[in-house]
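Accompanying notes for the structure given below.
Everything numeric here is computed off the predicted structure, so don't read it as measured data. Letters A, B, ... are given to chains in the order of the sequence lines, protein chains preceding strands, and every chain is numbered from 1. The figures here come from the full heavy-atom set of this structure, side chains too, leaving out hydrogens, waters and symmetry mates.
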Amino acid sequence: MTDREAPAGDDYVGDERRRRLAKLESLRAGGVEPYPVRFDRTHTAAELHEVWDGLAPGEETDDVVRVAGRLLLIRRQGKLTFATLRDGTGTVQLFVSDAEIGRDAHASFDDLDLGDFVGAAGTVLRTKRGELSVKVATFELLAKALRPLPEKWHGLSDVDTRFRMRYVDLIANDDARRVFAIRFAVIAALREQLLGRAFVEVETPVLHAQAGGAAARPFTTYHNALDLPLSLRVALELHLKRLLVGGYERVFEIGRVFRNEGLGTRYNPEFTMLELYQAYADYRDMATLTEELVATCAEAATGSTTVSVGDQQLDLAPPWPRRPMLDLIEEHAGVRVHPSTPVSELEAFADRLEVPREIGWGPGKLVMEIYEKTVEPNLVGPVFVTDYPREVSPLARAKPEDPTLVERFEVVVLGRELANAFSELNDPVDQRARFEDQAKLAAAGDVEAHGVDEDYLRALEYGLPPCGGLGIGVDRLVMLVAGVSTIREVILFPQLRPETGETGVEGGAG
RNA sequence: GCGCCCCUAGCUCAACUGGCUAGAGCAAGUGACUCUUAAUCACUAGGUUCGGGGUUCGAGUCCCCGGGGGCGUACCA
């Protein structure tokens, strides 16, 4: 039941909310339903602007339309009122006059509040000042808003509020809507390109008995009926490759993965990955595919392959340079290293370069750390960094000419990893050995290393065709294309600490 | 996790080195206005200065504890 009294903790918007609640009651008392079931509209705002584009200022038509949206601005002008209505496609002006609908109806229009959803029917005209408008003959409240909108000019800028109440952010801030439009366009473009290349889109489990496919700490949960501890997936990889064993030749999944790690400007505990696997391809094919996918996404979302982040501008048009990791280390750090370099020498290099290290790291891990600390942050890109140490790539195929390295690349843009790909390891015996190395690390206390996945090995023993695999961090791709610097700007509801205290949400202290 | 910074009206922001009754715009209320575009004009109301404690004649301002947030850093194949 509705109650005249605001629930505890809900009066922080104070009098305004109470005033609107009272208005709600008086509307009902007057026979007006403030939340009616539906409204049939004939045109969206965008359609209206498109169809009546040629209308001259001051010109009126007899064309009757029905429009609906949220009331954003009201300019009352005595016997005439102008209002700005926004729907999902844009805005349109309502033109309300005593002469058209009578004084009483006009008064009840003026009684609407900013934020209310309204439906209106009337004729199309362009005002003398050139604004395309609907001259309202009848209107109807579609949903009463009880809370006031943020400042109409500055919008909502408190980032905490923006992320906690994304619905308000989206109402108030054009830039929020712009960024998410880019996100949706990027994801649609990814899907469209892959479907066009004969990939099938699949869905694989989120709950894993054994997390794997990436070095990351998983979230754990528990299935009661099975009496079974489970992990949320940290990668899509191992199930997708099982599907190639099953006979699919090109599969992809765009899905949420979960990593139980710190959050920050570039990290959210759940984020969206694209992973794809293609039979009879290798990491070179993946590189070509990556640059085409990314450039096409940028073009589809913004009309250009040029993106700008901060004061940096870069062009994503292919081809991007391919640079072996060991060469880049030599360029940036001035040392020639290799996974066959003695560990003591690598440790000395690390110390000289002020790269933190831990006792017991193998040569591949040391090379990788030297790269990540001295090279990666300085790469502008886009660039393919190729040929990673085998030791840090347990799922990638070794390079035939140098088995201490693997056929793998990461794409780096503005010092950040955007994509990761390799020629997939399909030798079950080799894979078992790599898993066992990982299991040793896990046993030694590495919370990110995972154990031996026996079912995956069994699948490999049935035969995995040679294949290339690619993973793209979708959120980071969107950040790049949209030109924003924090991941929270591209995730609709980023992870935050729960609200506490008297915030007007939830039922108070409980 | 650690370091630095921030939190004032529904929203966006003021308030000097601690000093009079914490101000302004928008939003809200009342009134005027038939072509406005962030409409304009007049008047009105609106505050637990994030919460708690302390120092002081006096705290939005200084100190301590707590909460939330931002940035950096660490963790992050």
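Pairs passing the salt bridge (charged side-chain N to carboxylate O under 4.0 Å, His left out) check and including a residue from residues 366-378 of chain A, sequence neighbours excluded, read A:Lys365-A:Glu369, A:Glu369-A:Lys373. For residues 71-93 of chain A, the pairs satisfying ring-ring contact (aromatic ring centres under 6.0 Å, His included) are A:Phe82-A:Phe95, with sequence neighbours left out.
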Which protein N or O atoms sit under 3.5 Å from an N or O of nucleotides 30-33 of chain B?
{"unit_1": "B:C33", "atom_1": "N3", "unit_2": "A:Gly78", "atom_2": "N", "d": "3.2"}
{"unit_1": "B:C33", "atom_1": "N4", "unit_2": "A:Gly78", "atom_2": "N", "d": "3.4"}

Enumerate the protein-to-nucleotides 70-77 of chain B contacts in which both atoms are nitrogen or oxygen and the separation is below 3.5 Å.
{"unit_1": "B:G70", "atom_1": "OP1", "unit_2": "A:Arg488", "atom_2": "NH1", "d": "2.0"}
{"unit_1": "B:G70", "atom_1": "OP2", "unit_2": "A:Arg488", "atom_2": "NH1", "d": "3.0"}
{"unit_1": "B:G72", "atom_1": "OP2", "unit_2": "A:Thr265", "atom_2": "OG1", "d": "2.8"}
{"unit_1": "B:C76", "atom_1": "OP1", "unit_2": "A:Glu448", "atom_2": "OE1", "d": "3.4"}
{"unit_1": "B:C76", "atom_1": "O3'", "unit_2": "A:Ala215", "atom_2": "O", "d": "3.2"}
{"unit_1": "B:C76", "atom_1": "O2'", "unit_2": "A:Glu261", "atom_2": "OE1", "d": "3.0"}
{"unit_1": "B:C76", "atom_1": "O2", "unit_2": "A:Tyr267", "atom_2": "OH", "d": "2.4"}
{"unit_1": "B:C76", "atom_1": "N3", "unit_2": "A:Tyr267", "atom_2": "OH", "d": "2.4"}
{"unit_1": "B:A77", "atom_1": "OP1", "unit_2": "A:Ala215", "atom_2": "O", "d": "2.9"}
{"unit_1": "B:A77", "atom_1": "OP1", "unit_2": "A:Glu448", "atom_2": "OE1", "d": "3.3"}
{"unit_1": "B:A77", "atom_1": "O3'", "unit_2": "A:Arg408", "atom_2": "NH2", "d": "2.6"}
{"unit_1": "B:A77", "atom_1": "O3'", "unit_2": "A:Glu410", "atom_2": "OE2", "d": "3.0"}
{"unit_1": "B:A77", "atom_1": "O2'", "unit_2": "A:Arg408", "atom_2": "NH2", "d": "3.4"}
{"unit_1": "B:A77", "atom_1": "N6", "unit_2": "A:Gln438", "atom_2": "OE1", "d": "2.5"}

What are the atom names and distances for every N/O pair under 3.5 Å that joins the protein to nucleotides 1-3 of chain B?
none

Please list each protein N or O that sits under 3.5 Å from an N or O in nucleotides 25-27 of chain B, with the distance.
{"unit_1": "B:G25", "atom_1": "N2", "unit_2": "A:Glu151", "atom_2": "OE2", "d": "3.2"}
{"unit_1": "B:C26", "atom_1": "O3'", "unit_2": "A:Lys152", "atom_2": "NZ", "d": "3.1"}
{"unit_1": "B:A27", "atom_1": "OP1", "unit_2": "A:Lys152", "atom_2": "NZ", "d": "2.5"}

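Take A:Phe252 and apply the ring pair (Phe, Tyr, Trp, His ring centres under 6.0 Å) test, not counting sequence neighbours, and it matches no residue. Remark: A:His332 engages no residue in a ring pair (Phe, Tyr, Trp, His ring centres under 6.0 Å) (not counting sequence neighbours). Remark: A:Trp320 engages A:Phe384 in a ring pair (Phe, Tyr, Trp, His ring centres under 6.0 Å) (not counting sequence neighbours). A:His106 is linked by a ring pair (Phe, Tyr, Trp, His ring centres under 6.0 Å) to nothing, counting only residues two or more places apart in sequence or in another chain.
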Quiz prompt | Secondary structure of RNA chain B in dot-bracket form (Watson-Crick or G-U wobble, distances below 3.5 Å, | marking inter-strand pairs) | solution = (((((((..((((.....[...)))).(((((.......))))).....(((((..]....))))))))))))....
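Remark: A:Gln93, A:Phe95, A:Ala99 in residues 88-111 of chain A come within less than 4.0 Å of RNA chain B through at least one heavy atom.
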